[in-house]
Amino acid sequence: MAPRFPVRGAGSVTARLHTEERFTGAPPSAELARLRRIRRIGTTAAVAMAVGALGAGALPVLQNPVAGERLFGLWLRVQQSSMTVVMTGMVVVTLCWLLLAPYVLGRDRRGRLSGRIDRATLDRIIASWALPLALAPPMFSKDVYSYLAQGAIGNTLDDPYALGPVSALGTSHALTVNVPDIWRDTPNQYGPLFLGVQKVIHTLTGDDVVAGTILHRVVAIIGILMLGWAVPRLAEYCGVSDVAALWLAVANPLVLFHLVSGIHSESLMMGLLAVGLVLALRAVDSPESGRRTTVLFVVGTVLVTGSALVKLPTVVALGFVGMALARRWGGGYLATVRAALVMVVISGATTGLAMLATSSGLGWITKLGAATSLRSWLSPPTALGVIVGGIGQYLGLGDHTAQILVMVQTAALVIAGVFTVRMLFAVSAGRIDPVGGLGVSMAAIVLGFPVVQPWYVLWALIPLAAWASRMEFRIPVVAVSAVLACFTLPPGAGLPPFVTVQAWVATVVAVTVLLIAMFRWPGLLRFR
């Protein structure tokens with residue numbers, strides 16, 4: 001998929017974030033030997049995480065398969081030690097990912113050209129780190145148990161978005177008991193496509209928590225495989241190193257920990273989006289016009305729509321595909337209107353069929369704000385609103401935090417919307433390509449979103465990894481990814497502060513000892 005989108009008169013966003021990358025050659029054999037050691041250390045750390053997850057993972061309350069087992073149940077009886085094992089592995093995997101940087105970016109720490117590894121080598125590294133986590137119990141989140149309960153509700157109620165697990169299934173239901181407390185009264189917030197996945201899995205597994213969790217993980221792995229196929233092709237389209245993009249978007253610890261291990265819906269959402277973008281943009285840039293190109297564009301648009309039918313924020317991608325189509329048709333008002341009509345027809349038909357197949361109705365749209373009651377400190381507008389409200393209380397002005405949050409969050413979303421519109425017209429004018437415009441727009445949306453979880457960063461990071469190639473972008477994003485990857489604890493729920501502190505102290509000590517041992521072992525990891 002060669003880069004064909006003609007970007008002329010690049011705007012300030014493009015100039016600051018994007019430049020085409022050149023081939024730097026392969027690393028010397030000595031570097032490849034060091035790379036193999038990094039891979040083995042990362043694999044060992046991932047295996048340690050998988051073993052520790054038997055005691056410190058996001059395990060179900062009922063139907064816990066290791067509870068009562070003589071061997072595997074031992075980890076449940078030493079949960080703090082299990083947490084230390086998982087968290088140590090978590091930090092080591094993140095460090096190994098950081099150590100891959102010179103081999104995928106083609107530059108050493110002094111900025112000199114050093115050569116890049118090939119795709120096959122990076123694919124093997126990702127597989128060796130992801131496989132242990134894919135075989136382990138869930139970690140970092142218990143959302144998968146909400147997915148199971150929502151599947152049961154979808155197969156029970158006429159309106160799958162009407163009630164939460166407690167009201168729909170009952171407090172003592174096996175699937176309700178495993179749902180985190182904050183979501184027990186919250187209705188389903190996912191689109192018709194993911195509702196369909198939930199219902200099919202419940203139909204196949206019933207109330208079996210383990211079998212249902214395994215099938216949801218299979219869906220998550222399929223989403224990651226789609227990312228592994230699509231991200232390098234998007235990078236090629238943008239003139240960026242496919243290896244660097246794959247390292248940042250798929251080998252990222254946020255993906256390994258929160259999509260592979262945490263089984264979040266973002267895996268399917270972003271996988272569909274990435275594959276859809278590849279197909280739709282390939283059709284838009286095709287020099288030929290015919291049935292094959294039309295089918296390719298329709299399938300790509302259907303997949304992008306499917307992404308939004310998992311979680312709605314990626315619906316903005318339809319606008320960027322539409323603007324790319326309008327530019328192919330010569331740009332201008334009439335071309336934009338024609339492209340908009342085409343996108344509305346294809347996405348509208350896809351949405352209608354999905355709603356009909358899953359009997360979803362419009363509840364998935366009306367329940368969009370259900371999660372905004374959470375006060376997320378990772379969300380800049382929410383953090384600002386809470387701080388301003390707290391200052392008002394301290395000054396004796398009363399508690400107006402709720403009203404301040406509404407104003408600040410609304411303003412942030414409006415600003416993100418205005419910025420997205422600006423990027424749409426920049427694509428139409430040829431100042432930025434569709435992948436880059438989508439990436440920076442999704443970054444604005446994440447920054448303005450009322451609730452932000454660590455893995456929400458992937459909404460923007462995945463398209464940006466394929467387009468934003470300047471080190472001014474990559475260095476801070478890599479740093480933020482590394483910090484956020486270690487932000488969430490393995491059980492995926494709040495623990496007593498003293499337990500968290502003790503686990504982190506033990507983890508720091510363990511990682512320090514490992515680092516000292518590695519660097520004192522002659523020739524193990526010697527960097528320039």
Side-chain angles (χ1 to χ4, degrees), residues 46 49-50 53-54 57-67 72 127 130-157 160-161 165 168-169 173-180 183 188-229 250 255-275 303 306-307 309-311 354 357-360 364 455 458 490 492:
M49 291 178 65
L54 295 172
L59 300 167
V61 177
L62 290 181
Q63 300 184 34
N64 185 343
V66 300
F72 297 122
L131 184 59
L133 301 179
L135 298 176
M139 286 183 281
F140 307 107
S141 174
K142 295 185 177 180
D143 282 4
V144 66
Y145 305 124
S146 294
Y147 301 164
L148 296 176
Q150 289 159 0
I153 294 170
N155 284 331
T156 302
L157 302 183
Y161 296 96
L169 303 178
H173 193 282
L175 299 181
T176 302
V177 171
N178 292 320
V179 175
W183 302 125
N188 197 339
Q189 304 164 52
Y190 299 96
L193 180 59
F194 199 66
L195 172 65
V197 171
Q198 293 170 332
K199 292 175 68 173
V200 168
I201 289 177
H202 180 261
T203 299
L204 295 174
T205 63
D207 296 338
D208 189 324
V209 174
V210 175
T213 300
I214 290 173
L215 288 186
H216 270 289
R217 175 161 279 161
V218 169
V219 172
I221 296 299
I222 291 172
I224 293 165
L225 291 175
M226 287 192 286
L227 284 175
W229 179 86
V250 181
V255 172
L256 297 176
F257 299 165
H258 295 294
L259 301 192
V260 177
S261 185
I263 322 180
H264 284 291
S265 59
E266 271 74 8
S267 176
L268 182 61
M269 177 180 82
M270 298 309 299
L272 290 171
L273 174 65
V275 174
L303 292 176
S307 170
L309 295 179
V310 175
K311 293 180 80 169
T358 58
S359 304
S360 66
W364 61 287
W455 53 92
L458 297 170

Evaluate Leu175 against Val179 for side-chain contact (heavy atoms from CB on, under 4.5 Å), listing each step before the verdict. CA-CA 7 Å; Leu175 299 181; Val179 175; 5.8 Å; no
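- When side chains are defined from C-beta on, Leu195 counts as touching Tyr161, because their heavy atoms get closer than 4.5 Å.
- Put simply, the side chain of Ser261 reaches to within 4.5 Å of the side chain of Arg217, judged on heavy atoms.
- With contacts defined as side-chain heavy-atom distances shorter than 4.5 Å, the pair Ile263/His258 does not qualify.
- Ring-plane geometry between His264 and Trp455 is classed as parallel, the angle between the planes falling under 30 degrees on a 0 to 90 degree scale with a further cut at 60.
- Side-chain contact between Thr205 and Thr213 is absent, with no heavy atoms from C-beta onward closer than 4.5 Å.
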Just do the side-chain contact (heavy atoms from CB on, under 4.5 Å) check on Asp207 and His202 with the steps written out, would you? CA-CA 7 Å; Asp207 296 338; His202 180 261; 3.5 Å; yes
Can Leu169 and Ile153 be said to form a side-chain contact (heavy atoms from CB on, under 4.5 Å), step by step? CA-CA 7 Å; Leu169 303 178; Ile153 294 170; 3.9 Å; yes
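- For the atom pair CG of Asp208 and CD1 of Ile214, the computed distance is 8.0 Å after rounding to the nearest 0.5 Å.
- Counting all heavy atoms, side chain and backbone alike, Ala130 lies closest to Leu256 at CB-CD2, 3.9 Å.
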Apply side-chain contact (heavy atoms from CB on, under 4.5 Å) to residues Leu259 and Leu458 and explain how you reach the verdict. CA-CA 10 Å; Leu259 301 192; Leu458 297 170; 3.8 Å; yes
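- No side-chain heavy atom of Leu215 sits under 4.5 Å from any side-chain heavy atom of Val219.
- Rounding to the nearest 0.5 angstrom, the gap separating the OG1 atom in Thr358 from the CZ atom in Phe194 is 13.0 Å.
- The shortest heavy-atom contact between Leu157 and Ala168 is CD1-CB, 3.9 Å.
- Looking at heavy atoms from C-beta onward, Leu148 lies out of side-chain contact with Asn178 at the 4.5 angstrom threshold.
- Across every non-hydrogen atom of Leu54 and Pro137, the tightest pair is CD2-CG, 4.0 Å.
- Once rounded to the nearest 0.5 Å, the distance linking CE of Met139 with CZ of Phe257 reads 8.0 Å.
- Looking only at side-chain heavy atoms (C-beta outward), Ile221 and Val260 come within less than 4.5 Å of each other.
- No side-chain donor-acceptor contact under 3.5 Å links Asn155 and Gln198.
- Interatomic distance, Ser307 OG to Leu193 CG, rounded to the nearest 0.5 Å: 9.0 Å.
- Taking each heavy atom of Ala354 and Leu309 in turn, the nearest pair found is CB-CD1, 3.7 Å.
- For the pair Ser141 and Asp143, the tightest heavy-atom approach, listed with the atom from each and the gap, is OG-N, 3.1 Å.
- When each of Gln189, Met270, Glu266 is checked for a side-chain contact (heavy atoms from CB on, under 4.5 Å) with Lys311, only Glu266 meets the rule.
- Of all non-hydrogen atoms in Pro60 and Val209, the two that sit nearest each other are CB-CG1, 4.0 Å.
- Using a 4.5 Å heavy-atom cutoff, the side chains of Tyr145 and Trp183 are not in contact.
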